[in-house]
Protein chains: 2
Amino acid sequence: MTGSSPDRAGRATRRKRRPSGAVTIKEIAALSQVSSATVTRALQGHPRVRPETRARVERAAEALGYRPNHAARTLATGASKTIGLLLPSTGDRYWGEVVEGIEDAADDAGYSVLLATSHGDAARSRRMLDLLLSKRVDGMVIAARREVEEALTHAELPVALVRVGPDAELDDGDVEAVRTLPDDRLAGWLEGRRLGDLAPGVIGFDDVSAATLAVEHLVGLGHRRLAFVGAGNRRSAALRVAGFRQSTGRAGVESAAVVASSDRLADSHAAALDLLGAPERPTGIVAYDDMVALGAIRAARTLGLRVPEQVSVVGIDDIDVAAFLEPPLTTVRQPKREIGRLAAIALFEALGSGTPSPGRALRGELIVRGSTAPPPGHDAADEAR
Amino acid sequence: MTGSSPDRAGRATRRKRRPSGAVTIKEIAALSQVSSATVTRALQGHPRVRPETRARVERAAEALGYRPNHAARTLATGASKTIGLLLPSTGDRYWGEVVEGIEDAADDAGYSVLLATSHGDAARSRRMLDLLLSKRVDGMVIAARREVEEALTHAELPVALVRVGPDAELDDGDVEAVRTLPDDRLAGWLEGRRLGDLAPGVIGFDDVSAATLAVEHLVGLGHRRLAFVGAGNRRSAALRVAGFRQSTGRAGVESAAVVASSDRLADSHAAALDLLGAPERPTGIVAYDDMVALGAIRAARTLGLRVPEQVSVVGIDDIDVAAFLEPPLTTVRQPKREIGRLAAIALFEALGSGTPSPGRALRGELIVRGSTAPPPGHDAADEAR
DNA sequence: CACGTCGATGTAAACGTTTACATGGCTTGC
DNA sequence: GCAAGCCATGTAAACGTTTACATCGACGTG
């Protein structure tokens with residue numbers, strides 16, 4: 001205040017632009033007596049910078065508390081180091097873990113994750129896609145065929161497709177067709193499906209082998225009459241039914257009923273009631289997933305049948321409480337976190353090389369707990385031969 | 001090729017910069033015969049643009065498939081329209097739903113969500129914080145005291161703090177202290193804690209009233225001997241214990257045992273075994289959360305006690321399978337999605353007004369299912385008086 | 001010793017927006 | 001009929017980086 005002329009003061013307030021307040025490379029440049037270009041080079045680890053200069057710049061950056069402005073960098077380089085995630089939801093037990101896997105892999109690769117959920121709504125899904133593209137994500141991991149195709153055609157953006165659990169696809173399943181397909185055409189149908197699942201950039205769960213694992217476990221215990229209780233008309237359901245039919249056929253199991261139901265517990269409960277109330281009831285049930293398995297167990301109880309002594313039940317998924325249920329649930333674990341990781345890794349490979357990496361269907365792992373046992377009247381010695 | 005001179009060809013290839021390939025406002029400007037400034041104004045809905053001009057611009061933008069470059073906008077305006085989310089994890093059943101609530105609210109407000117998980121690791125947490133700041137998020141929703149304080153002191157950034165379930169705070173609980181606190185000092189302790197929970201920008205679950213709801217439900221059914229089975233030395237556990245003690249005291253319930261345990265199922269199972277094996281066993285148990293409740297139910301079964309006929313159990317949380325357990329679990333629901341929504345809304349209010357909005361502790365909702373009933377030998381008529 | 005080379009650094013343009021200020025043309029009030 | 005003012009639009013700077021190209025000195029070679 002003391003000696004400043006009115007003119008000076010007037011000019012000083014005539015700031016052109018709102019200042020962001022953050023430290024920029026110019027300030028580092030000034031403090032360390034180099035140009036801003038050298039600051040960039042020093043901080044980026046460019047080889048042709050004198051070690052002594054680099055040290056000086058780094059010290060200045062540290063002292064000023066410099067934090068690079070990522071928006072500016074994105075603008076200059078064209079790469080945002082951010083990937084988009086477009087999923088039906090993030091809150092349920094399926095996607096949450098997948099998200100974690102993706103986020104982990106992204107972090108390892110130096111990328112951030114921008115989140116968007118579609119809630120299964122096509123319009124919202126398109127809006128979110130636009131938003132992510134607008135934010136200039138370098139690539140995307142998404143989870144629904146429609147959206148993929150749009151992303152791939154409208155934008156030239158690397159994409160990985162992740163396919164897990166019941167939400168993966170809402171309506172392109174074909175459960176009824178698979179249920180009634182003649183045995184001799186089953187293998188062909190499966191072959192065609194598998195190829196689709198292994199398209200480049202598609203990482204998913206191997207639904208077919210999951211059902212197979214469940215069947216083989218029950219057959220190994222001595223069961224000879226099995227049934228599958230399904231849920232919804234989803235692609236994953238169709239594949240599990242196909243796996244069930246194929247493996248029961250291979251094992252020569254007497255009769256293999258397949259009961260479709262919606263994914264509501266009440267519905268699967270009712271379906272299982274029908275199934276278990278029949279005179280020639282199955283001794284083993286493969287459920288579409290753990291929730292359906294819960295419905296089946298409850299149905300058995302309703303009918304006064306004990307699990308696993310009279311009826312064995314295998315789920316698919318391994319939800320977090322599976323081990324704590326009564327009885328603890330035997331199930332085929334979906335490696336959700338791993339699927340997320342691999343999807344992200346596939347994306348980063350595509351980002352690096354420009355060509356999408358091959359798809360993979362990850363096999364589940366059978367986890368034997370307390371809901372399965374040899375069928376009633378089965379002598380363990382029979383099994384040994 | 002036909003008529004171009006070598007010079008021309010040479011010059012043509014001398015592109016200065018990698019082209020991003022995307023449509024920019026300049027191209028729209030050219031097509032619609034206006035300047036780029038007018039394009040911006042037209043697209044932003046600026047009032048002083050002739051409707052006819054606006055229409056022309058919009059048509060051009062549409063025709064070219066324009067998608068604004070968000071990085072450039074962020075650089076120019078200083079606002080990224082993105083918020084950061086820093087949570088311990090996103091995959092478990094607690095945080096997943098909270099994330100959904102946050103994402104919903106963010107979408108409504110026109111913001112995107114950048115995801116980061118700390119896995120409870122302080123170093124990673126700091127790194128993620130730096131990353132989010134570097135990406136110039138406009139604000140953050142975070143979930144752990146340490147990180148908040150850092151964010152608030154180092155950066156001048158609006159922050160909302162969300163506090164839910166067991167992961168909210170790892171180690172600043174004080175269960176043992178609350179367990180042994182003299183009755184007359186309980187109210188004072190609670191008062192102090194509550195104030196902290198209601199600090200500006202803090203949205204959380206009302207642990208105290210959740211325990212109270214559970215106790216009142218059991219007392220209402222006629223129970224006179226209650227116990228609390230806790231898990232871990234967490235802040236939330238301490239608060240629930242305090243709520244339990246306060247409400248049992250108020251109801252004049254005979255003896256109110258409090259058993260602490262870790263959060264592992266085996267541990268809570270063991271603790272409940274001790275409790276229920278004693279001669280003067282409680283007839284009603286309030287569990288720290290639904291998983292602990294599961295452990296308690298299993299313990300009762302182990303001892304040959306039937307739930308709810310001989311022992312009632314109330315959980316807290318309402319996990320997704322709670323309704324499908326055997327018996328269906330009576331519990332106090334945590335409004336996780338709502339907590340997420342409100343946290344995000346609090347953040348946006350702070351972003352708008354500059355002052356953080358007041359904190360809130362959301363009350364849970366008692367959901368009565370099958371794991372609670374009047375105590376053995378209790379006549380329903382007794383209750384009526 | 002002159003010349004080409006290479007290594008370290010500086011200069012300035014470019015990325016795609018937004019926005020303060022400038023500039024005309026048209027209305028309006030006298 | 002003319003000045004004042006407003007309205008629609010244009011001009012150009014600014015946001016904070018990166019990077020192609022220029023520069024400048026030191027060094028080795030013939």
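Each chain gets a letter, A, B and so on, in the order its sequence line appears, and its residues count up from 1.
- Side-chain atoms of B/Arg54 come within 3.5 Å of backbone N or O of B/Ala42 as a donor-acceptor pair.
- If you check the side chains of A/Lys135 and A/Thr82, you find no donor sitting under 3.5 Å from an acceptor.
- For the helix from C/dC1-D/dG30 to C/dC30-D/dG1, the angle separating the two terminal helix axes comes to 50°, with each axis derived from five pairs and the value rounded to 10°.
- The closest donor-acceptor contact from the side chain of B/Ser32 to the backbone of B/Ile28 lies under 3.5 Å.
- Distance, B/Ile25 CD1 to D/dT11 P: 14 Å, rounded to whole Å.
- For C/dT18, the OP1/OP2 oxygens have a side-chain nitrogen or oxygen of B/Thr40 closer than 4.0 Å.
- Rounded to whole Å, the distance from CZ on A/Arg67 to C1' on D/dT17 is 17 Å.
- Listed by chain and number, the residues in a side chain to side chain contact (heavy atoms under 4.5 Å, CB included) with A/Ser35 are A/Ala37, A/Thr38 (sequence neighbours excluded).
- Residues meeting the side chain to side chain contact (heavy atoms under 4.5 Å, CB included) test with A/Ala346, sequence neighbours left out: A/Ile203, A/Ser357.
- Remark: the B/Arg41 side chain and the D/dG10 base include a donor-acceptor N/O pair separated by less than 3.5 Å.
- The side chain of B/Ser35 places no N or O atom within less than 4.0 Å of a non-bridging phosphate oxygen (OP1 or OP2) of D/dT9.
- In terms of the side chain to side chain contact (heavy atoms under 4.5 Å, CB included) criterion, residue partners of A/Gln33 (sequence neighbours excluded) are, by chain and number, A/Arg56.
- Listed by residue number, the members of residues 45-66 of chain A with any heavy atom below 4.0 angstrom from DNA chain D are A/Tyr66.
- In this view, A/Thr53 satisfies the side chain to side chain donor-acceptor pair (under 3.5 Å) rule with no residue, not counting sequence neighbours.
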